[in-house]
Trainee: 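First the structure, then my questions, so here it is.
In each ligand, atom 1 is the first atom listed, and ligand 1 is the first ligand listed. Every heavy atom of this structure was used, including side-chain atoms; hydrogens, water molecules and symmetry mates were not.
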Amino acid sequence: MQTNSTLEGIQSVLSLIDREVWIITSAAAGRRGGLCATWVSAAAIDPGQPIILVGLAPNHFTTELIEQSGMFGLHLLRPEQTGLALDFAIGSGRDRDKLANVALRPSHNAIPLMSDCLAWLECRVFARYHAGDRIFYWANLLHGDCPSAGVPLREKQLFAAANAEQKQALLLNRSVDIALHAPLHLQWKTENLWSPEK
Ligand SMILES: Cc1cc2nc3c(=O)[nH]c(=O)nc-3n(C[C@H](O)[C@H](O)[C@H](O)COP(=O)(O)O)c2cc1C
């Protein structure tokens with residue numbers, strides 16, 4: 001546990017980070033869904049072999065769909081598409097079809113791909129690592145394009161655009177996830193503790 005003054009310093013550093021907001025979609029066995037994600041990173045040095053790495057919580061509906069299909073779609077949004085991003089960030093696809101009112105484009109691989117976005121990618125998972133409260137997926141990029149021009153929506157713009165009700169729902173989501181994930185993370189950390197050779 002950090003002392004408060006140390007934690008404040010650390011938080012002031014982390015608050016400088018403003019990640020892109022991605023929508024990850026997937027489908028399996030007649031079900032489809034999607035979520036909002038920031039744990040997404042380009043992960044290859046070779047531009048001829050592009051790879052993406054995503055980190056997803058094991059309890060999310062979208063994760064369940066990727067576990068079954070091994071495929072997912074990735075989308076960057078335009079800065080004004082905050083309402084769409086919040087719709088994917090709040091609630092579970094187990095309770096409603098988050099893609100019901102979303103226009104889709106044809107996919108080569110039966111992945112739900114959104115038409116109206118800044119950019120999209122079709123991804124096929126080739127490696128997976130379960131780290132307790134997150135499952136990391138490494139994926140090859142099969143197809144992709146940028147239907148719009150401009151810069152992507154970032155998380156600070158997203159939080160600034162949320163109304164009071166949406167902010168409350170995001171905070172609730174986060175506290176439920178923290179309560180659920182803390183013991184999973186601790187167990188994984190205990191089992192995988194590493195220290196350098198002396
Ligand atoms: C800004 C932001 C970033 C998020 N990033 C991630 C992420 O990288 N990985 C993840 O598993 N969940 C992330 N979430 C949480 C999911 O989007 C959220 O819990 C969603 O409702 C899960 O939907 P599902 O159960 O229908 O798949 C993020 C939420 C927000 C607001």
Side-chain angles (χ1 to χ4, degrees), residues 11 14-43 52-102 104 111-114 117-118 121 123 125 128-139 151-185 188:
Q11 279 169 350
L14 295 181
S15 72
L16 299 175
I17 299 170
D18 191 11
R19 293 166 292 187
E20 301 90 4
V21 171
W22 298 81
I23 302 299
I24 302 184
T25 54
S26 190
R31 299 185 306 160
R32 62 186 186 174
L35 55 67
C36 172
T38 45
W39 217 122
V40 177
S41 177
I52 205 100
L53 172 62
V54 305
L56 295 178
N59 60 308
H60 292 333
F61 179 59
T62 311
T63 313
E64 186 182 321
L65 297 173
I66 296 173
E67 286 287 309
Q68 287 173 33
S69 66
M71 310 286 293
F72 61 90
L74 269 181
H75 309 78
L76 285 169
L77 302 180
R78 297 187 305 277
E80 73 273 17
Q81 291 183 290
T82 49
L84 182 66
L86 287 165
D87 203 42
F88 279 94
I90 296 168
S92 167
R94 292 189 184 94
D95 304 325
R96 66 184 168 96
D97 179 5
K98 292 187 186 174
L99 291 158
N101 300 314
V102 176
L104 300 179
I111 301 166
L113 291 176
M114 303 191 318
C117 59
L118 179 70
L121 290 162
C123 314
V125 177
R128 169 192 185 279
Y129 177 72
H130 200 315
D133 62 338
R134 284 286 177 274
I135 305 178
F136 292 97
Y137 299 100
W138 284 259
V151 294
L153 171 67
R154 290 185 176 268
E155 60 185 328
K156 284 188 181 165
Q157 293 170 309
L158 182 68
F159 289 121
N163 63 31
E165 196 185 334
Q166 289 164 331
K167 279 192 179 117
Q168 203 178 2
L170 289 173
L171 286 175
L172 182 67
N173 258 17
R174 194 171 63 170
S175 46
V176 168
D177 276 356
I178 288 172
L180 192 70
H181 295 154
L184 298 174
H185 175 69
W188 171 78

Trainee: Do any nitrogen or oxygen atoms of Ala89 come within less than 3.5 Å of a nitrogen or oxygen of ligand 1?
Mentor: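 The answer is yes, given that Ala89 and ligand 1 share an N or O pair closer than 3.5 Å.
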Trainee: So that I can tick it off, tell me whether Arg32 and Asp97 are bridged by a salt bridge, with the cut-off set at under 4.0 angstrom between side-chain N and carboxylate O.
Mentor: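 Salt bridge between Asp97 and Arg32, a charged N being under 4.0 Å from a carboxylate O: yes.
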Trainee: Below the 3.5 angstrom mark, is there an N/O of Lys98, backbone or side chain, next to an N/O of ligand 1?
Mentor: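 The answer is yes, given that Lys98 and ligand 1 share an N or O pair closer than 3.5 Å.
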Trainee: Are any of the N/O atoms on Thr38, whether in the backbone or the side chain, positioned under 3.5 angstrom from an N/O atom of ligand 1?
Mentor: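 N/O-N/O distance below 3.5 Å exists for this pair.
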Trainee: Which residue pairs pass the salt bridge (charged side-chain N to carboxylate O under 4.0 Å, His left out) test with at least one member in residues 171-184, sequence neighbours excluded?
Mentor: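 Pairs touching residues 171-184 that pass the test: none.
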Trainee: Can you figure out which of Ala37, Gly33, Ala169 has its heavy atom closest to atom 7 (C) of ligand 1?
Mentor: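 It is Ala37 whose heavy atom sits nearest to atom 7 (C) of ligand 1.
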Trainee: Based purely on interatomic distance, does Arg94 place a nitrogen or oxygen under 3.5 Å from a nitrogen or oxygen of ligand 1?
Mentor: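 In fact, backbone or side chain, Arg94 has no N or O that close.
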Trainee: Is the shortest N/O to N/O distance between Thr63 and ligand 1 below 3.5 Å?
Mentor: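 In fact, backbone or side chain, Thr63 has no N or O that close.
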Trainee: What about Phe159: any of its N or O atoms under 3.5 Å from an N or O on ligand 1?
Mentor: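 In fact, backbone or side chain, Phe159 has no N or O that close.
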Trainee: Can you list the residues that meet the side-chain contact (heavy atoms from CB on, under 4.5 Å) rule with Pro152, with sequence neighbours excluded?
Mentor: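 If we apply the side-chain contact (heavy atoms from CB on, under 4.5 Å) test to Pro152, skipping adjacent residues, the hits are Glu20, Leu76, Leu118.
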Trainee: Quick check on Ala85 - does any of its heavy atoms sit under 4.0 Å from an atom of ligand 1?
Mentor: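 No, Ala85 has no heavy atom closer than 4.0 Å to ligand 1.
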Trainee: With a 4.0 Å cut-off on heavy atoms, is Phe88 in contact with ligand 1?
Mentor: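 Yes; Phe88 lies near enough to ligand 1 that a heavy-atom distance drops under 4.0 Å.
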Trainee: Could you tell me which atoms of ligand 1, counted from 1 in the order shown, lie closer than 4.0 angstrom to a heavy atom of Ser92?
Mentor: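 By the 4.0 Å cutoff, the relevant atoms are 25 (O), 26 (O).
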Trainee: Would Leu170 count as a polar contact of ligand 1, with the cut-off being nitrogen or oxygen pairs under 3.5 Å?
Mentor: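 Not met; the criterion fails.
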Trainee: Among Cys36, Pro58, Ala57, whose heavy atom sits nearest atom 6 (C) of ligand 1?
Mentor: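 Going through Cys36, Pro58, Ala57 one by one, Cys36 has the nearest heavy atom to atom 6 (C) of ligand 1.
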Trainee: Does Gly91 reach ligand 1 with a nitrogen or oxygen that is under 3.5 Å from one of the ligand's nitrogen or oxygen atoms?
Mentor: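 Gly91 vs ligand 1: N/O contact under 3.5 Å present.
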Trainee: So for ligand 1, is Leu56 a polar contact partner (N or O within less than 3.5 Å, distance only)?
Mentor: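 No, since none of the N or O atoms of Leu56 sits under 3.5 Å from an N or O of ligand 1.
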